[in-house]
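Accompanying notes for the structure given below.
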Amino acid sequence: MRIVGVNIPEKKHLRIALTAVYGIGQSRAKSILEELSINPTNTVGDLNADQETAVRKKIEEFTVEGDLRRSSAQDIKRLKDIKTLRGYLHGVGLPVRGQRTKTNARTRKGPRKTMGSGRVKLQKK
């Protein structure tokens, strides 16, 4: 099954499989399936054609995939253009929401460039 250009995994529960679409998390997937009265533990193969089209139409009501990616990229570009601190932090690759950077922030800063305490050891003669 393809929704908005994304292949939905066949063997996962629907609640988890729908999260393959960018912009659909577990809570939104659960609410979609509750509205359409579809069991969230069913797989994609268990759906009939009417249920598939209903899920597809419901997901297309939301801003997902390319439009959502484009929108968030434009928001970040706007912050950079008006030279805010948040825009600068996005550009440099540091945490944006006020987290500390001295010790943590490994996912944002990347792997360590140096090892050890920074103290130069004495060379043996």
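L14 is not listed as a side-chain neighbour of P40, based on a closest heavy-atom distance of 4.5 Å or more. Counting heavy atoms from C-beta outward, V55 and M1 have side chains that approach closer than 4.5 Å.
Contact between R15 and K30 at its shortest, heavy atoms only, is NE-CB, 3.8 Å. When all heavy atoms of T84 and G87 are compared, the pair lying nearest together is OG1-N, 3.1 Å. Listed here is the closest heavy atom pair of H13 and T41: CD2-O, 3.4 Å. Closest non-hydrogen pair, T53 versus D50, comes out as OG1-O, 2.8 Å. Pairing each heavy atom of P95 with each of T101, the nearest pair is CD-CG2, 3.6 Å.
Look at R70 and D67 and you find a salt bridge, because one of the NZ, NE, NH1 or NH2 atoms lies within 4.0 Å of a carboxylate O, short of that distance. Between E61 and K58 there is a salt bridge, with a side-chain nitrogen of the basic residue lying less than 4.0 Å from a carboxylate oxygen of the acidic one.
Between atom CZ of residue R106 and atom CZ of residue R108 there is a gap of 13.5 Å, rounded to the nearest 0.5 Å. Residue L89 holds its CG atom at 10.5 Å from CG of L79, rounded to the nearest 0.5 Å. If you take NE2 on H90 and CG on D75, they are separated by 9.0 Å, rounding to the nearest 0.5 Å.
Within the 3.5 Å criterion, the main-chain N or O of S71 finds no donor-acceptor partner in the side chain of Q74. Using modelled atom types, no side-chain atom of S37 and backbone atom of E34 make a donor-acceptor pair closer than 3.5 Å.
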- request: Under the side chain to side chain contact (heavy atoms under 4.5 Å, CB included) rule, what do E65 and V21 come out as? Steps first, then yes or no, please.
  value: CA-CA 7 Å; E65 276 303 316; V21 178; 4.2 Å; yes
- request: With side chain to side chain donor-acceptor pair (under 3.5 Å) as the test, would you mind laying out the steps for T103 and R100 before giving the verdict?
  value: CA-CA 7 Å; T103 55; R100 70 179 298 143; 3.2 Å; yes
message: For a side chain to side chain contact (heavy atoms under 4.5 Å, CB included) check, start with the C-alpha distance between D46 and N39, then their side-chain angles and the critical distance, and finish with the verdict.
response: CA-CA 10 Å; D46 297 338; N39 186 3; over 6 Å; no
- prompt: Given I24 and I32, is the side chain to side chain contact (heavy atoms under 4.5 Å, CB included) satisfied, shown in steps?
  reply: CA-CA 10 Å; I24 303 285; I32 288 171; 4.2 Å; yes
message: Walk me through whether Y88 and K83 qualify under side chain to side chain contact (heavy atoms under 4.5 Å, CB included).
response: CA-CA 7 Å; Y88 171 76; K83 297 192 170 148; over 6 Å; no
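V4 is connected to L47 through a chain of hydrophobic side-chain contacts under 4.5 Å among Ile, Leu, Val, Met, Phe, Trp and Tyr, so both are in one cluster. A continuous path of ILVMFWY side-chain contacts below 4.5 Å connects V96 to V92, so both sit in one hydrophobic cluster. Hydrophobic clustering (side-chain heavy atoms under 4.5 Å, transitive across Ile, Leu, Val, Met, Phe, Trp, Tyr) keeps I16 apart from L36. Neither V44 nor Y22 shares a network with the other; the hydrophobic side chains, linked directly or stepwise wherever heavy atoms of I, L, V, M, F, W or Y lie under 4.5 Å apart, form separate groups for each. Residues I3 and L68 do not share a hydrophobic cluster, defined by chaining ILVMFWY side chains whose heavy atoms lie under 4.5 Å apart.
More than 12 heavy atoms of other residues, nucleotides or ligands lie within 6.0 Å of NZ in K109, so this atom counts as buried by the packing criterion.
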